[in-house]
Amino acid sequence: MRPIPNLPSWLLRAAIGVANRWPWLGRTINHFAINKLVNASRERPHPWSTVHDYISWTSLTDQRWSSRHLPAVELSPDLPPTEALVGLFARDLDDEQRYCPKSTCLFPAFAQYLTDGFIRTRMPRGDESEDVRLQNTSNHQIDLCPLYGRLPVQTDALRLGSEAAGSRGRLKSQVISGEEYAPFLFAADGTVKAEFESLDEPLGIEKFTDADLRAHIFAFGGDRANNAPQIGMVNTLFLREHNRLAGEIEREHPDWSDERVFQTARNAVIIIFIKIVVEEYINHISSSPFRLRADPSVAWDAPWNKPNWMSTEFSLLYRWHSLVPEVFQWNGQSYPVHATLMDNRLLLAGGLAASFASVSGQRAGRLGTFNTPEALLAVEKNAIDQGRRVRLAPYGDYCAYVSDGKRRPTTFASISSDPAVVDFLSAAYQRPEDVDFYIGLFAEDPGANSPLPPLLLTMVAVDAFSQALTNPLLSKHVFKESTFSRPGWEAFNRTRSLRDIVDRNCPSGAGKGRISMTRKEWKYSW
């Protein structure tokens with residue numbers, strides 16, 4: 001994900017321009033680049049999981065437990081308490097929040113929506129052991145479960161389930177102010193509607209007692225999809241795309257049943273989503289000017305094409321809380337971040353296209369140290385605790401893991417060039433070798449031309465490509481027009497960005513507002 005070194009900038013620009021426009025050369029470079037990125041780590045299946053500290057049949061087969069790239073280690077008894085480490089993320093109240101030069105708030109919104117579908121650490125219930133925190137409830141696929149639900153019974157609850165002409169294959173929805181949204185979850189008396197009792201309870205809903213706020217909680221497939229209006233916004237977009245495609249498929253195949261129309265539309269929406277993951281999201285975080293492409297043939301004969309199994313490292317490295325600004329702009333008004341949580345009224349007030357433009361018009365925070373909103377500092381502590389609970393190897397071991405042993409920090413200054421970060425680490429840890437995985441990920445200097453620091457960028461790329469392009473719908477014998485129908489296949493091929501999907505699913509199109517994860521003002525530094 002780094003630019004080709006040792007070339008004059010004019011020659012590099014010209015070469016990248018040709019590669020981005022010449023299909024044969026572009027495909028060749030794309031295959032090479034993706035394979036190089038994925039091969040930074042071991043191929044799945046990993047020998048270990050969070051169930052045991054050693055290799056066992058359970059660790060190799062039971063996907064209720066997260067896999068792990070490196071085995072568990074005995075933690076140093078001299079590690080600082082996690083309460084003391086939260087200070088690395090806290091911003092002095094007198095300091096202004098630092099902003100990312102490249103990213104808009106659409107970037108963290110999409111990142112959260114993407115990962116909420118498969119990074120699902122299980123929380124203890126009742127008298128359950130804390131050990132269940134080492135488990136997950138993931139399907140281990142990019143399957144759009146925030147939209148469709150994790151379980152078949154949840155999918156059934158969200159479907160309209162009608163054989164009537166003009167309604168086959170649809171998800172349940174309602175129209176508000178001329179726009180389509182999911183139905184509301186709660187009945188007038190405040191209880192969950194009987195038809196939605198199989199859905200997971202929205203995470204954290206018990207903390208929100210305002211009756212009007214609760215009345216606007218959507219019946220979504222994911223328990224985190226109502227967490228913020230930005231997340232509900234993305235889920236609403238793909239609900240509309242599903243129902244739009246179902247309508248096109250039914251018109252082309254009036255003899256097809258509700259079941260076949262639904263399943264075909266679902267197939268198409270999932271691969272459209274994966275295309276956005278690669279061609280908009282991954283290209284945004286990439287530091288390379290070469291635009292990577294969602295070409296599934298890259299994985300067809302690759303040795304890393306193995307069944308997905310989410311890793312405990314992946315679940316930790318996606319805690320990007322400092323990207324979240326302290327104040328959000330919605331419909332021309334400012335709201336503290338905590339005041340937007342679970343509040344879908346902000347989405348409904350502006351409509352979908354205006355919401356995407358509003359989120360795209362605001363800068364994301366700078367990912368890293370001393371920049372997390374105060375309301376999210378407790379979540380940072382939970383992440384550090386989780387890493388220790390599963391006894392993750394230290395940060396330096398992962399640096400060596402993805403570099404064939406070539407990059408292992410030997411001083412605190414080799415982790416960061418920021419004196420404040422170096423001072424913090426040297427005061428907290430006795431040796432750089434002891435730095436926690438989670439701490440090191442975010443203590444690193446930001447990468448050039450990317451919102452992510454180097455180790456984080458490398459590990460995101462490894463898992464993103466090896467999980468996205470190995471999706472069953474992209475496999476050699478499945479990825480063809482008949483799997484998705486002509487309307488679904490055409491929609492996949494003409495989609496390049498979220499803006500394309502917004503444009504075909506809003507009453508007046510996408511409008512004139514900019515819809516992008518990348519700021520208009522940002523330029524690549526050659």
Side-chain angles (χ1 to χ4, degrees), residues 97-116 146-147 179-181 225 227-241 272-273 275-286 291 318 320-337 339-341 343-367 371 373 449-452 494-524:
Q97 186 171 24
R98 291 172 291 172
Y99 292 97
C100 178
K102 185 174 186 179
S103 303
T104 73
C105 284
L106 184 57
F107 168 56
F110 187 84
Q112 182 175 343
Y113 182 77
L114 166 66
T115 56
D116 282 350
L147 175 63
E179 296 201 47
E180 185 179 25
Y181 297 93
N227 278 9
Q230 302 95 317
I231 313 306
M233 173 188 80
V234 180
N235 209 43
T236 298
L237 177 64
F238 286 99
L239 180 148
R240 293 187 191 180
E241 179 71 350
I272 289 169
F273 180 72
K275 189 172 186 181
I276 294 296
V277 169
V278 174
E279 298 197 355
E280 185 164 16
Y281 172 72
I282 294 295
N283 276 320
H284 174 75
I285 68 175
S286 173
R291 295 197 60 77
Y318 254 112
W320 298 351
H321 308 122
S322 53
L323 287 174
V324 178
E326 291 275 9
V327 177
F328 269 114
Q329 306 296 324
W330 277 97
N331 308 317
Q333 298 186 48
S334 299
Y335 300 87
V337 61
T340 68
L341 301 178
D343 198 347
N344 291 318
R345 295 171 297 187
L346 298 173
L347 167 60
L348 292 166
L352 194 62
S355 294
F356 267 93
S358 179
V359 172
S360 299
Q362 184 169 4
R363 292 179 71 174
R366 173 188 176 275
L367 190 65
N371 209 41
N449 299 304
S450 173
L452 308 186
R494 72 172 185 263
T495 299
R496 295 290 181 271
S497 66
L498 284 167
R499 182 184 178 85
D500 293 336
I501 310 175
V502 172
D503 195 48
R504 58 185 184 245
N505 284 287
C506 290
S508 300
K512 296 182 179 179
R514 179 177 174 81
I515 296 175
S516 175
M517 300 182 198
T518 305
R519 297 179 62 235
K520 182 179 181 180
E521 298 82 2
W522 184 82
K523 301 295 183 184
Y524 188 87

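Only heavy atoms go into these numbers, but all of them, side chains included; no hydrogens, no water, no symmetry mates.
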Query - Non-hydrogen atoms of Thr518 and Trp522 that approach each other most closely - result: CG2-CE3, 4.0 Å

Report summary line: Rounding to 0.5 Å, atoms OG (Ser286) and OH (Tyr524) come to a distance of 7.5 Å

Query raised in the report: Can you name the nearest heavy-atom pair linking Cys506 to Ala353, along with the distance?
Result: SG-N, 3.7 Å

Query raised in the report: Ignoring hydrogens and geometry, is there a side-chain-to-backbone donor-acceptor pair from Ser358 to Ala354 under 3.5 Å?
Result: no

Query raised in the report: Among all residues two or more places apart in sequence or in another chain, which pass the ring-ring contact (aromatic ring centres under 6.0 Å, His included) test with Phe238?
Result: Phe273

Requested in this report: Tell me, please, which residues at least two apart from Pro451 pass side chain to side chain contact (heavy atoms under 4.5 Å, CB included).
Outcome: Cys100, Lys102, Ser103, Phe107, His284, Ile285

Report summary line: Applied to residues 320-330, the side chain to side chain donor-acceptor pair (under 3.5 Å) test, sequence neighbours excluded, yields Arg91-Glu326, His321-Glu380, Gln329-Ser334

Query raised in the report: Strictly under 6.0 Å, is that where the ring centroids of Phe328 and Tyr335 end up?
Result: no

Report task. List for me each residue that meets side chain to side chain contact (heavy atoms under 4.5 Å, CB included) alongside Arg98, sequence neighbours excluded, and say none if there are none. Result -> Arg366, Thr369, Phe370, Asn371

Report summary line: Residues at least two apart in sequence or cross-chain that pass side chain to side chain contact (heavy atoms under 4.5 Å, CB included) with Ala510, listed by chain then number, are Arg499, Val502, Asp503, Ile515

Requested in this report: Mind checking side-chain hydrogen bond (donor to acceptor under 3.5 Å, both in side chains) for Glu241 and listing every partner two or more places apart, or none if nothing turns up?
Outcome: Arg244, Arg504, Asn505

Query raised in the report: Relative to the ring of Phe110, is the ring of Tyr113 parallel (under 30°), tilted (30 to 60°) or perpendicular (over 60°)?
Result: tilted

Query - Under 3.5 Å: donor-acceptor pair, side chain of Asp116, backbone of Pro146 - result: no

Requested in this report: Could you walk me through whether Thr495 and Ile501 pass the side-chain contact (heavy atoms from CB on, under 4.5 Å) test, one step at a time?
Outcome: CA-CA 7 Å; Thr495 299; Ile501 310 175; 4.0 Å; yes

Report summary line: Across all chains, not counting sequence neighbours, the salt bridge (Lys or Arg N to Asp or Glu O under 4.0 Å) partners of Arg240 are Glu179

Report task. List the atom of Gly350, the atom of Asn331, and the distance in Å for their closest heavy-atom pair. Result -> CA-OD1, 3.3 Å

Requested in this report: Using a 4.5 Å cut-off on heavy atoms from C-beta on, say whether the side chain of Met517 contacts that of Ser497.
Outcome: no

Report task. May I ask you to test the Glu280-Lys275 pair for a side-chain heavy-atom distance under 4.5 Å? Result -> no

Query - Worked verdict on Thr104 versus Val359 for side-chain contact (heavy atoms from CB on, under 4.5 Å) - result: CA-CA 7 Å; Thr104 73; Val359 172; 5.8 Å; no

Query raised in the report: Got a second to check how far Asn283's CG is from Glu279's CD, nearest 0.5 Å?
Result: 7.0 Å

Requested in this report: Can you sort out the partners of Glu521 under side-chain hydrogen bond (donor to acceptor under 3.5 Å, both in side chains), two or more places apart, ordered by chain and number?
Outcome: Arg519

Query raised in the report: How many angstroms lie between CD in Gln230 and CZ in Phe356, if you round to the nearest 0.5 Å?
Result: 10.5 Å

Report task. Test side-chain contact (heavy atoms from CB on, under 4.5 Å) on Met233 and Leu106 and set out the steps. Result -> CA-CA 10 Å; Met233 173 188 80; Leu106 184 57; 4.0 Å; yes

Query raised in the report: Tell me, do Leu498 and Ile276 make a side-chain contact under 4.5 Å, heavy atoms counted?
Result: yes

Requested in this report: Begin with the C-alpha distance, continue with both residues' side-chain angles, and end with the deciding distance and a verdict on side-chain contact (heavy atoms from CB on, under 4.5 Å) for Leu341 and Asn227.
Outcome: CA-CA 6 Å; Leu341 301 178; Asn227 278 9; 6.0 Å; no

Query raised in the report: Does Arg345 have any side-chain hydrogen bond (donor to acceptor under 3.5 Å, both in side chains) partners at least two apart in sequence or in another chain, and if so, which?
Result: Asp212, Asp343

Query - Under 3.5 Å donor-acceptor, Gln362 side chain and Val327 backbone - result: yes

**Report entry** side-chain hydrogen bond (donor to acceptor under 3.5 Å, both in side chains) partners for Tyr181, two or more places apart
**Finding:** none

Report task. Find out whether Pro229 and Ser355 are in side-chain contact, i.e. whether some heavy atom of one side chain is under 4.5 Å from a heavy atom of the other. Result -> no

Query raised in the report: So do Leu347 and Thr236 actually touch side chain to side chain, heavy atoms under 4.5 Å?
Result: yes

